[in-house]
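Below is one structure; the comments refer to it alone.
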There are 2 protein chains.
Amino acid sequence: MSGPNGARIRNPRPASRRRLPVDKGDRYGCAMARDIQERIKKLIIDQRLPSGSVLPTEPELMERLGVSRNSVREALKALQAMGIVEIRHGFGTYVGPMSMAPMIEGLTFRTVAGHYRGEDSLLQLLELREAVETGLIARLAGSLPAADLAELDALVDRMDAEAAGPGGEVRAETDRAFHATLYRCLGNQLLGEVLEAFWDAFHKVRTDLVDVPQDPRVTCRQHREILDAVRSSDVVRAERAIREHFGNIRTRLNAPVTAAVPRPTYDR
Amino acid sequence: MSGPNGARIRNPRPASRRRLPVDKGDRYGCAMARDIQERIKKLIIDQRLPSGSVLPTEPELMERLGVSRNSVREALKALQAMGIVEIRHGFGTYVGPMSMAPMIEGLTFRTVAGHYRGEDSLLQLLELREAVETGLIARLAGSLPAADLAELDALVDRMDAEAAGPGGEVRAETDRAFHATLYRCLGNQLLGEVLEAFWDAFHKVRTDLVDVPQDPRVTCRQHREILDAVRSSDVVRAERAIREHFGNIRTRLNAPVTAAVPRPTYDR
DNA sequence: AAGAGTCAGCTGCTCTAACCAACTGAGCTA
DNA sequence: TAGCTCAGTTGGTTAGAGCAGCTGACTCTT
């Protein structure tokens, strides 16, 4: 039943299956499964359940919703994939953290798939990050608390140390922390999580797919410049610094991406 | 087994269940289900399957992955929730559109839940939109093709007509189209989809939860101002126009949000 | 009596088997 | 020829059984 590369071959009705699915606006599956998901979501909303609350057990949901165990489980699996519930074997089902973790996963997959198909999906993701951070930096300039400035100073210092250290590279975690700390003072949790999600997805794909050469000293200098610009309340300079930083990543990205031969394996 | 409000009461072991789940880094469920999902994803990536491609049928996946139909279906349900596959009753399973639709859903739920819990989640979502659009507008000023400018002109004209028309309100679809068309020329599909996702989630929550009063003439004037600023290549003016537009939405949002008594029903 | 091991009873996880529902295509009927 | 039915495909749903992770209380040992 399987072709040479595991490709699917269906003898009795090969042509008809080539039909592309017609969009009937009926995404997300059939009525019942969708309905169960909605009812569980409604349960969470209506009872104002916070993250971590206990949800009914599978047998209880079966009885309450009047469906079989299997349907309940499929609905819960879908909700789990969206981060709405969290399932723990032997414990029970809980209201999920509602984090952006599922988005990271979806975005990562989409970017990897697009990359392998020859699209510039990684570049698009970078542009997205650039857009958000550029739009935020103006609000930041001059209004960063002293404590955050000190923390950012320490992070850039650490970058310097890492660049001069044995590895000769700035650790990814340090870069991530810098960008996260920079926008923390805005007091917008969603913003922070989305930015981290974009960063995570970008970083995952970049390290997995393309081997980007980087000059760690340039990285350090650019982060320092961003920090100094923000400290001195210079909006224009801050925006320019951010753009330069991303421009740097972009140029480093462009060369290898076009030349790179996608590796045949994907093991995420 | 159920309390007065449908709250769960478990007689034999009530105290132990109050334990919050310990984070073992094992999100997304047990090993096997997770593994099946990964293998299906690997199949899509390795064979470079584009959106709409036929995936193996459930029996074929059972055999190939060596698991039961139930497990296959649960994995597919989770992947469907992430937009990675699309399941069509009676047809088969296909590679999904990889759109941002699941993100809209997750974001909407998160925002609704946060709103009901008294957080300013809707405002956070608006700030996110503002950040992205502000960061993009500079790249746009002066580089918009004439065709897009004409289309935007027509959209603002339509807004005027709708504002003066019977309803006296600018239709949501027109606003959506304006923002979508504005950033289309950047040639970044991801960017466009993310912006639309944010718009959709914001709009869904706003119309469902808070009844925002709006002066349609102000809305029209602000969109016209954005368009004119972009047309005249005036970056500073364009940024100011965007900020004013979002500032307008924000102020209209702030008053009712704090005063609003959340309705007890959630029916999405 | 204190400690350790076992066991019953929760929880979710997986499998098997059967049937239902949506859809297609070929062959039959009028 | 036009329309229908029917077999065979696909996913959707139900049912029942047993497995696996976890807790608390009971029991046996020391």
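Model, not experiment: these values are computed from the prediction.
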Polar-atom pairs under 3.5 Å, protein N or O versus N or O of nucleotides 15-19 of chain C: list them with distances, or write none.
residue, atom, partner, partner atom, Å
dC15(C), OP2, Ser68(B), N, 3.1
dC15(C), OP2, Ser68(B), OG, 3.0
dC15(C), OP2, Ser71(B), OG, 2.5
dC15(C), N4, Asn70(B), ND2, 3.0
dT16(C), O4, Asn70(B), ND2, 3.2

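One interatomic measurement links the two molecules: CG of Leu79(B) to C1' of dG11(D), which rounds to 16 Å at whole-angstrom precision. Atom CD1 in Ile87(A) sits roughly 14 Å away from atom P in dT11(C) (whole-Å rounding). Put simply, CD on Glu63(A) is 12 Å from P on dT11(C), counting in whole angstrom units. Here the C1' atom of nucleotide dG8(D) and the CZ atom of Phe91(B) are 15 Å apart, to the nearest Å. A straight line from OH of Tyr94(A) to P of dC22(D) spans 11 Å, rounded to a whole angstrom. dT11(C) atom P lies 14 Å from atom CG of Leu76(A), rounded to whole Å. When the P atom of dT14(C) is taken as reference, atom CG of Leu65(B) falls 13 Å away, rounded to whole Å. Straight-line distance from the NE2 atom of His89(A) to the P atom of dC22(D): 8 Å, rounded to whole Å.
Leu128(B) and Phe198(B) get closest at one heavy-atom pair: CD2-CZ, 3.5 Å.
A distance of 6.5 Å separates CG of Leu253(B) from CG of Leu126(B), quoted to the nearest 0.5 Å.
In this view, Glu162(A) and Arg158(A), Val170(A), Arg171(A), Thr174(A) satisfy the side chain to side chain contact (heavy atoms under 4.5 Å, CB included) rule, not counting sequence neighbours. The side chain to side chain contact (heavy atoms under 4.5 Å, CB included) check on Ala177(B) picks up Leu155(B), with sequence neighbours excluded.
The side-chain tip of Arg88(B) does not point at the ring of Tyr94(B) from less than 6.0 angstrom away and within 45° of straight on.
Under the 3.5 Å distance criterion, the side-chain polar atoms of Arg39(A) are matched with a main-chain donor or acceptor of Leu65(A).
For Arg73(A), a side-chain nitrogen or oxygen approaches OP1 or OP2 of dC13(C) to under 4.0 Å. Listed pair Thr93(B) / dT10(D) fails the phosphate criterion, with no side-chain N or O lying under 4.0 Å from OP1 or OP2.
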